[in-house]
Structures are given as C-alpha cells and as structure tokens.
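First comes the structure, then the notes that go with it.
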There are 2 protein chains.
Amino acid sequence: MGTCCDMRGFLSFIVLRLISKKNMSGDELRDELAKRKGHKPSPGTIYPVLKALSENGFIQEIKSAGKIKQYRLTKNGIKELEIATRKFCEIFYDMEGEFGRCLK
Amino acid sequence: MGTCCDMRGFLSFIVLRLISKKNMSGDELRDELAKRKGHKPSPGTIYPVLKALSENGFIQEIKSAGKIKQYRLTKNGIKELEIATRKFCEIFYDMEGEFGRCLK
DNA sequence: ATTGTAATATCGTATATACGATACTTATAT
DNA sequence: ATATAAGTATCGTATATACGATATTACAAT
C-alpha cells in the first residue's frame, strides 16, 4: 500500500528513451531501471512492456544468436518518443530547476 | 487503448507539488492539470486522489465558508514531497536538458 | 420557496504498471 | 548427456490512475 507518490508510471516512456540511447535487452533495461528507481523491476513488469511496445511497432528485436534479445527503436518509435518527450516536458515543465538541487 | 506512453502516473506527486506552491481546490487542480496535460481530468480522477492524500495526512482541508474546499500541505506532506521530488530527479535525471529543446 | 448551477463525492469499469511464482529457452559446465 | 544457470515469457493478483455517469451539497438568482 504505497503511501502516496509511489512514482509508478511512464515505464513505456522510460524504456523507449533508454532504447533510443542504446540498443538494449530486457535484462539490461531492468539493471538500468534499478539504478534509477532503487530496485530492479520484476520480469513480470518489463517483458510485457517490451511485448506491447513491439506489437505496437515502436521497437524491434535485433536478430541475435543467443538467448539475449536486444531491441532497437523503429521509425515509429522515434516519432512516438518525440511526442512523448514533448508531453513530458509540458507536464513537468517546472521541474527543470529541481534537478540541480536534488542531484548535488 | 492508449498506444503507448499515455503518460499516466505521478498524479499524487503533481497534486502535492501544485498545492505546495499555492493552496488549491479540486477544481483549480483540474484546471492546472488541463493546462499541462491538454485535457481536464474527470472529477472521478481528482477527488479520490485528494481524499487519499488527505487520509494519509499529506494535505489538509482549509476551513472555508463556501462549497469550495481548498487544501494546503501538512508538515508530512512537505516531507513526502521532498522525498518524491528526489526520487523523480533520480529516475528522470537525464531529462534536464530536454526542457529547453521541447519548450522553445 | 424554487430553480439553477458550480463544486464536490461516489460508483462501476478499464488500463498501465507492479509483484512474485512458475515455466520455457538457450548456452555453458561437468 | 545431463545439470546448471541466465535470460525470457507468462500467469494471477494488486494498485494508482483514468473515464463517464450519477448523486450530493451549497451558494445564487429569480
């Protein structure tokens, strides 16, 4: 029963953004999210998101030999990320000044 | 069926943050959220959030004569907002540079 | 007093995010 | 070949966020 402000949400956005910087696998994403959120999200969190993003045509599996599946953004994914980034900035426009204070 | 990145989430955080800047009512919050998100959230969205924040002791109703209930942050609310703000910055630390680009 | 309206409250429902448990797949070690 | 381990996938469940519809409350207007 997260008190309030459990900071849930925007997972698809974060995933799109991370993959846009570097092709990544589900496990790599989990590790990166762990760094940011403080704990590693469960497999049941990340893989359904990757599946949905894939089915919606925003990311694409890179053919790889092993068991690890890496994903890259598609053109639609790039477009979607641009739109989502603008929305994010409009919603949180007044957070810009907070980063310096928080991440001293 | 929001494609992806429906930017849902962090509502309690946003509400706490808005009230921290200025005591506000449910309807004022809906208007401010409309500016940021592009559409006014339904009553069924905002009032349950205010109720929960109130029950958790993060906000407090200001006694007012009319039908409008204004809320202010409690001490616990201020503390909670600080914690949540730091979390936000840790999760989205690399968004700092995007604001300038997006909100030209 | 009655009517109207604005703000608040509640209900049923839907979805993204979240967990832990379990199962499947593939590479590696023995 | 067999066992182990890592990465992926799926299942059942829970919660915050979201809607629209409806109900309630309280002031305002006539």
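All chains are named by letter (A, B, ...) in the order of the sequence lines, taking the proteins before the strands, and each is independently numbered beginning at 1.
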### Message
Output the rounded distance in Å from CG (A:Leu29) to P (D:dT8).
### Response
9 Å
#### Entry: Ionic contact status for A:Asp94 with B:Arg36, cut-off 4.0 Å
yes
#### Entry: Atom-to-atom span, CD of B:Glu32 to C1' of C:dA7 - whole angstrom
18 Å
### Nearest listed nucleotide, side chain of A:Arg8, among D:dT17, C:dT17, C:dT8
C:dT17
### Query
Between D:dT17, D:dG7, C:dT10, which one does the side chain of B:Pro48 approach most closely?
C:dT10
### Short side-chain to backbone donor-acceptor contact, B:Arg30 and B:Pro41, under 3.5 Å
yes
#### Entry: Protein-nucleotide distance (A:Glu61, atom CD; D:dG7, atom P), rounded to Å
16 Å
### Task
Verify whether one side chain among B:Glu28 and B:Ser25 offers a donor that lies under 3.5 Å from an acceptor in the other.
yes
### Message
What's A:Gly44 touching, base or sugar-phosphate or nothing? Going by heavy atoms closer than 4.0 Å.
### Response
base
#### Entry: Of the listed nucleotides D:dA21, D:dT8, D:dC19, the one nearest the side chain of A:Lys69
D:dT8
### Query
Considering only C:dA7, D:dA18, D:dG7, which nucleotide approaches the side chain of B:Thr45 most closely?
D:dA18
### Query
Looking at the side chain of B:Pro43, which of C:dA18, D:dA21, D:dA9 is the nearest nucleotide?
D:dA21
### Summary
Of the listed D:dT17, D:dT10, C:dT10, the closest approach to the B:Leu11 side chain comes from D:dT17
### Message
By nearest atom, which of the nucleotides D:dT17, D:dT8, C:dA18 is closest to the B:Ser12 side chain?
### Response
D:dT17
### Query
Atom CG of A:Leu50 and atom P of C:dA16: how far apart are they, to the nearest Å?
15 Å
#### Entry: Separation of atom CD1 in A:Ile46 from atom P in D:dT8, rounded to whole Å
10 Å
### Message
Just the rounded figure in Å: distance from C1' of D:dT17 to CZ of B:Arg30.
### Response
15 Å
### Task
Report yes if at least one side-chain N or O of A:Lys51 is closer than 4.0 Å to OP1 or OP2 of D:dT10; otherwise report no.
yes
### Task
Would you indicate, yes or no, if C:dA18 has its OP1 or OP2 atom less than 4.0 angstrom from a side-chain nitrogen or oxygen of A:Lys37?
yes
### Query
How are the rings of A:Phe88 and B:Phe88 set relative to one another: parallel (under 30°), tilted (30 to 60°) or perpendicular (over 60°)?
parallel
#### Entry: Presence of salt bridge, B:Glu90 and A:Lys37, under 4.0 angstrom
no
### Query
For D:dA18, does either OP1 or OP2 sit under 4.0 Å from a side-chain N or O belonging to B:His39?
no
## Note on the structure
Whole-Å distance, A:Ile68 CD1 to C:dT26 P, equals 13 Å
### Task
Report yes if a side-chain nitrogen or oxygen of A:Lys67 is closer than 4.0 Å to either non-bridging phosphate oxygen (OP1 or OP2) of D:dA5; otherwise report no.
no
### Query
How many Å lie between CG on B:Asp27 and C1' on D:dC27, as a whole number?
15 Å
